Structures are given as C-alpha cells and as structure tokens.
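Note sheet for the following structure.
Both ligands and their constituent atoms are indexed starting at 1 by order of listing. Because the structure is a prediction, the values reported are computed rather than measured.
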Amino acid sequence: MRNKITIVGAGFVGATTAHWLASRELGDIVLLDIPQTDTMPKGKALDLMEAGPVLGYDTRVTGTTDYADTANSDVVVVTAGMARKPGMTREDLVGINQKIITDVANNIANHAPNAIVIVVTNPLDTMTYMAYKILSAKGFPSNRVVGQAGVLDSARMRTFMAMEFNCSVDNTHAFVLGGHGDEMVPLVRYSTIAGIPLPDLVKMGWTTQERIDAIVQRTRSGGAEIVNLLKTGSAYYAPGASVAEMVEAILKDKKLIRPCAALLEGQYGLSDMYFGVPVVLGRNGVEKIIEVELNEAEAAMMKKSADLVRGSMSALKF
Ligand code: APR
C-alpha cells in the first residue's frame, strides 16, 4: 500500500512541496485548494505527473477542491493561507490565517483523522497552535501536530555557514530554535562544521566572531531577505524541501532529529504553546522533545523569542 500525503494549499509552497515529494516517491499526493481556484490544483497535479516519465517516478498526483479526496491521508501538510508581502510581519497575518487554519483543521479532523499534520502557514508557531487547538478537540494528540520552521531556518544557517567556510553543506550542522520570527534562536554553540563547534572555529582563526554574528543575523532575517528580493510573495523552494524532509522522516520512521515547532508542556520552562525545539521525528510524528542545556545568554534569547510568539498568540480570537 502506498502512503498518502495531502497538501492543503496548492500555491507556491504547496506545489513546490508536492514537487520535492513526488520526485522522492514517498507516496501518492493529493493537492487541495479552495473551490475558487477552480481547476488550478488539477492543472498543477497533472503537470507534476507528466514529469514522472522524464524523472522516473511513479507518484500519483491528484488535484482537487474536495476534501473527500484526502480521506485517510497518512500525512497532511498545511500551506493554506496568505503569504507575507514586503513590509508585512508574520504577525500581521494572524487574523487572516486563523480563519483559514480553522477551516482546514476541521476538514482534516473529519476526513483524515489518523494523519500526522505538518503546519507551514505563518505566523508559524501561532498557526500550529491554532491547528492543534481544533485538532486536539477532535482527538489528535500533540505528537501528531507539528510545525515546520526549524528545518528551514537551520537550512538557511547551514547555507550561510557553507558559504563562509567554503565547505560542503554536508559538513554543516545547525540548530535554530525558538519562534519562527526575527527573534529566532540560532544556537552557535550547537552549530558545527564537520563536528567542530563555531566558537572553536573562531579560536582556530578560521573566522571571526563578527562574521559568526553576521551569519546569525542573516539567518534571523532569512525569510525577509527572500521576500525583499522576490517583491511578490515569500520563499518556497527551501520551505518545500524542508517539509519534504519532515514527511520522509515520518513515513520512513527515521527518528530524525531536527528543530520543529512542538507543543511544550514545561520543557524549556514554557507551556501551552508551540515553539521551535529539537525533536525526534518518526512514524508517530514528534516522538520526543529534546531539552538541550542552555547558557544564560541562550536562555535569555529563548525567553525573548517566546515572548514574541506569545504576543502573536494574543492576537488569536477564540
Ligand atoms: N483552504 C485551502 N487552501 C486555501 C485556503 C483554505 N481555506 N485559503 C487559502 N488557500 C490557498 C490559496 O488559494 C493559495 O492557493 O492557499 C494557497 C496559498 O498559496 P500562496 O498564496 O502561493 O502562498 P505560499 O507562498 O504558498 O505560502 C503559503 O506558507 O510559508 C508560508 O507564509 C507562508 O503562510 C504562507 C503559506
């Protein structure tokens, strides 16, 4: 039996996620959007299937506006929502996207009650919390609702690290925790080149503290950098690839350790919120939350980031 992966929102992030997933043959894909988009999801789905013979994948891709087609999905990826425009913060989107997430989560609960749900819609931590609120009321445990952010933010930091050290991205490891916003927490001490922590590379004279600080800053504004370059809309290639990695980890039960937005219940001194922390991803979704030791400065950054997420959450209307 093939796995079934539904992507809600057939826009830039949704379609790009479908593209990466199809090429990895991780399962059959359902690409869903709202009725107002008419046959658009069908068009993208057929186009993706027609790439199959060239690339050698047998993935079935279905485009639809009917949730009946998503029945019994193993994984549902939520990219439905409005994307940021230049000058707009992720928090500006709360009101608009809360309505969308509420509609989507109710439909997922009704049609794919056993799915693991990955939320991508921004503001990420707040929208994942919102989805959890709806889904948990319908029986979803918190391990089956997770937000994508840390995989992308860490990928951005790894890109900048590979550029700085002129090395393979395979040699890079980064942990970017906290909320998916300007106060995210790139953990320099836990970020390495071939296992060598960044502070040691400063001591070795391979780089300077100023250049590490610049990498941290560029990571934090990584989303805005793309928004400002694109002029219309926000990033989608790297976000899509990041979701695909999470889907693969879940469906193959890889026990992959990555930072993701997970429900915190006391970890890192925080409760009743979704926040970026290292987790183990496997067939049961978030199988474990890892609490790494933080020094005073790192803990202060986490607190600042959590305060920002709480501020965004306070814009939710129940
Ligand atoms: N149900 C399903 N799909 C919806 C709904 C809904 N209730 N409301 C809107 N959509 C669809 C839109 O019709 C559109 O096709 O979501 C899609 C969003 O696509 P884009 O506008 O291209 O946005 P995108 O760049 O894909 O970003 C989507 O991901 O990274 C985040 O910040 C980003 O929140 C944004 C989301």
N or O pair under 3.5 Å between Val13 and ligand 1: yes
Pair His180, Asp125: side-chain N/O donor-acceptor within cut-off below 3.5 Å: no
N or O pair under 3.5 Å between Thr37 and ligand 1: no
Ligand 1 to Asp33 polar contact by distance, N or O atoms, under 3.5 Å: yes
Backbone or side-chain N or O of Phe12 under 3.5 Å from ligand 1 N or O: yes
Where ligand 1 meets Val8 - atom numbers and elements under 4.0 angstrom, heavy-atom basis: 2 (C)
Ring-ring centroid check Tyr274 Tyr132, cutoff 6.0 Å: yes
Pair Thr70-Thr6, side-chain donor/acceptor within less than 3.5 Å: no
Enumerated ligand 1 atoms positioned under 4.0 Å from heavy atoms of Thr79: 18 (C), 28 (C), 36 (C)
Heavy-atom gap Met127 to ligand 1 smaller than 4.0 Å: no
Short side-chain to backbone donor-acceptor contact, His19 and Ala15, under 3.5 Å: no
Under 3.5 Å: N/O of Leu32 near N/O of ligand 1: no
Parallel, tilted or perpendicular: ring planes of Tyr237 versus Trp20, cut at 30 and 60 degrees: perpendicular
Side chain proximity check, Val188 to Val216, heavy atoms < 4.5 angstrom: yes
Those atoms of ligand 1 less than 4.0 Å from some heavy atom in Thr121: 34 (O)
Distance-only N or O hit between ligand 1 and Asp103, under 3.5 Å: yes
Short side-chain donor-acceptor distance under 3.5 Å, Asp213 and Gln217: no
